[in-house]
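Letters A, B, ... mirror the listed sequences (proteins, then strands); counts begin at 1. The figures here come from the full heavy-atom set of this structure, side chains too, leaving out hydrogens, waters and symmetry mates.
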There are 2 protein chains.
Amino acid sequence: MSELNTVNPARYKRSRQRQRILSLLQEVNNHPTAEWIYSYLKPGLNSLSMGTVYRNLRILEEQELVRRMCNGSGVDRFDAKMEPHSHFICRHCGEIEDLDVGPLTGLIREMEVMTGHLIEAQRLDFLGICSKCRTQKWH
Amino acid sequence: MSELNTVNPARYKRSRQRQRILSLLQEVNNHPTAEWIYSYLKPGLNSLSMGTVYRNLRILEEQELVRRMCNGSGVDRFDAKMEPHSHFICRHCGEIEDLDVGPLTGLIREMEVMTGHLIEAQRLDFLGICSKCRTQKWH
DNA sequence: ATTCTTGCAAAAGTTTTGCAGGCAA
DNA sequence: TTGCCTGCAAAACTTTTGCAAGAAT
């Protein structure tokens, strides 16, 4: 299991900064931005810089330990939950919640046959108003 | 039908630039970037500027005549096909193809009951290797 | 006449990169 | 020792915005 949780050691060394970034992403479920990660880790890693955060997020993404999510806001978010799942995004408060929807196997097969493409992954987001926001008056 | 193809006239005037941007998006199916739209229209609209392109894309998006797609590249793409559909994105050549997958009604209901959220829209992308790229050696 | 729109240029905001020094193997 | 990694700062990019002039109603 620990082998799945580290970068390829033949290609990358172990650095404290990268370890902390990965551990943090694996512990939280709030799909943080690079800025949030930086602010969170900075107090315990005094010399940390944004360049390092961004560089490592790219490496972790390339090593398939982290996934990048781009919503419309222009700021990317990151997620270390790698099992296939979907997201619910509240268009009022912006909250992103994981939803356990497995791969849409039937649909994928159907699309593969119809198009001749090889489908390797899916990305499924639901947009709407979350239950908390629904109970308020503005909706 | 033409009423559905224009912005709210009580709120916005008709401008040549905006008309051209919308028409272009309704004619093509290549999910272009703002830069592509600008380059395409510039020859016939000599004074066009990028600021105008971006401003109008926002207005068209707000009027629900155009949808914004953010892939991981940091450059947004735009789509005037407003019927619910999915996308196939080739991770080799980058091509984006429309797939006619309607709303996942059953799944949406299930998720709504389970979470209490109100689901208003879905976004479904398939990622993989397109049939053209599959026939080449690099895969 | 009033209000929306444009082009231009500057600004804003996020992400990337070059470099010299530091750390890991 | 070799090569990856970091911090810093500058650069690169995409997108937004202020403003004065122009167009639409």
Side-chain angles (χ1 to χ4, degrees), chain A residues 3 6-25 31-63 65-79 94, chain B residues 3 6-25 31-63 65-79 94:
Chain A
E3 291 184 6
T6 39
V7 297
N8 178 352
R11 197 156 167 188
Y12 297 107
K13 299 185 173 171
R14 195 161 304 163
S15 88
R16 193 147 42 101
Q17 287 83 340
R18 184 156 57 231
Q19 292 284 84
R20 293 278 189 90
I21 291 169
L22 179 57
S23 300
L24 175 56
L25 278 169
H31 315 86
T33 62
E35 176 63 38
W36 189 93
I37 295 168
Y38 171 78
S39 303
Y40 191 95
L41 294 179
K42 183 72 174 175
L45 222 57
N46 265 286
S47 65
L48 184 67
S49 73
M50 281 298 288
T52 296
V53 173
Y54 276 111
R55 256 182 308 234
N56 280 301
L57 286 169
R58 277 225 170 276
I59 291 172
L60 294 171
E61 191 187 1
E62 178 244 324
Q63 295 280 297
L65 292 164
V66 158
R67 210 170 275 141
R68 181 184 301 260
M69 309 170 51
C70 15
N71 45 1
S73 73
V75 195
D76 290 351
R77 295 181 165 271
F78 298 88
D79 191 357
Chain B
E3 292 184 5
T6 39
V7 296
N8 178 353
R11 196 157 167 187
Y12 297 106
K13 298 183 174 173
R14 197 162 302 164
S15 88
R16 192 148 42 102
Q17 287 85 339
R18 184 157 56 233
Q19 292 284 85
R20 293 277 189 91
I21 293 169
L22 179 56
S23 300
L24 175 57
L25 279 168
H31 314 85
T33 63
E35 177 62 39
W36 189 94
I37 295 168
Y38 171 79
S39 303
Y40 191 94
L41 294 178
K42 183 73 176 174
L45 223 57
N46 264 287
S47 64
L48 185 67
S49 74
M50 281 297 288
T52 296
V53 173
Y54 276 111
R55 254 184 309 234
N56 280 300
L57 287 169
R58 276 223 171 278
I59 290 171
L60 294 170
E61 192 187 2
E62 178 245 324
Q63 295 281 298
L65 292 163
V66 158
R67 212 170 275 140
R68 180 183 303 259
M69 307 171 51
C70 14
N71 46 0
S73 73
V75 195
D76 290 350
R77 296 182 164 272
F78 298 87
D79 192 356

From C/dT15, D/dT6, C/dT3, nucleotide with atom closest to A/Ala34 side chain: C/dT15

Whole angstrom value for the distance that separates C1' of C/dT15 from CD1 of A/Ile37: 13 Å

Heavy-atom neighbours of A/Tyr12 OH exceed 12 at 6.0 Å: yes

Atom-pair distance (CG on A/Asn8; P on D/dC5), nearest Å: 11 Å

Residue whose nearest DNA chain D nucleotide is more 5′ - B/Arg14 or B/Gly74: B/Gly74

Check against side-chain contact (heavy atoms from CB on, under 4.5 Å), B/Ile37 and B/Leu57: CA-CA 10 Å; B/Ile37 295 168; B/Leu57 287 169; 4.1 Å; yes

Distance-only donor-acceptor test, A/Arg55 side-chain atoms vs C/dG18 base atoms, 3.5 Å: yes

Atom-pair distance (NZ on B/Lys42; C1' on C/dT6), nearest Å: 11 Å

side-chain N/O B/Gln17 vs C/dG7 OP1/OP2, d < 4.0 Å: yes

CG on A/Leu25 to CZ on A/Arg77, rounded to 0.5 Å: 12.0 Å

Spacing between B/Arg20 atom CZ and C/dT6 atom P, to the nearest angstrom: 13 Å

Spacing of B/Arg11 atom CZ relative to D/dT25 atom P, expressed in whole Å: 17 Å

Spacing of B/Met50 atom CE relative to C/dG7 atom C1', expressed in whole Å: 13 Å

Spacing between B/Leu57 atom CG and D/dT15 atom C1', to the nearest angstrom: 11 Å

Touch class at under 4.0 angstrom, heavy-atom based, for B/Gly51 against every strand present: base

Side-chain N,O (B/Ser49) to OP1/OP2 (C/dT6) below 4.0 Å: no

Distance test, side-chain N/O of A/Ser15 to OP1/OP2 of D/dT6, below 4.0 Å: yes

Touch class at under 4.0 angstrom, heavy-atom based, for B/Arg58 against every strand present: sugar-phosphate

Position toward the 5' end of DNA chain C (nearest nucleotide), B/Val53 or B/Ala10: B/Ala10

B/Asn46 side-chain N/O to C/dG7 phosphate OP1/OP2 under 4.0 Å: no

Whole-Å gap separating P (C/dT15) and CG (B/Asp76): 12 Å

Sugar-phosphate, base or nothing in reach of B/Tyr12, heavy atoms under 4.0 Å: sugar-phosphate

Given D/dT15, C/dT5, D/dC4, the nucleotide with the shortest approach to the side chain of A/Lys13: D/dC4

Nearest heavy-atom neighbours spanning A/Ser47 and A/Lys42: C-NZ, 3.9 Å

Check: A/Arg55 main-chain N/O paired with A/Arg18 side-chain donor or acceptor under 3.5 Å: no

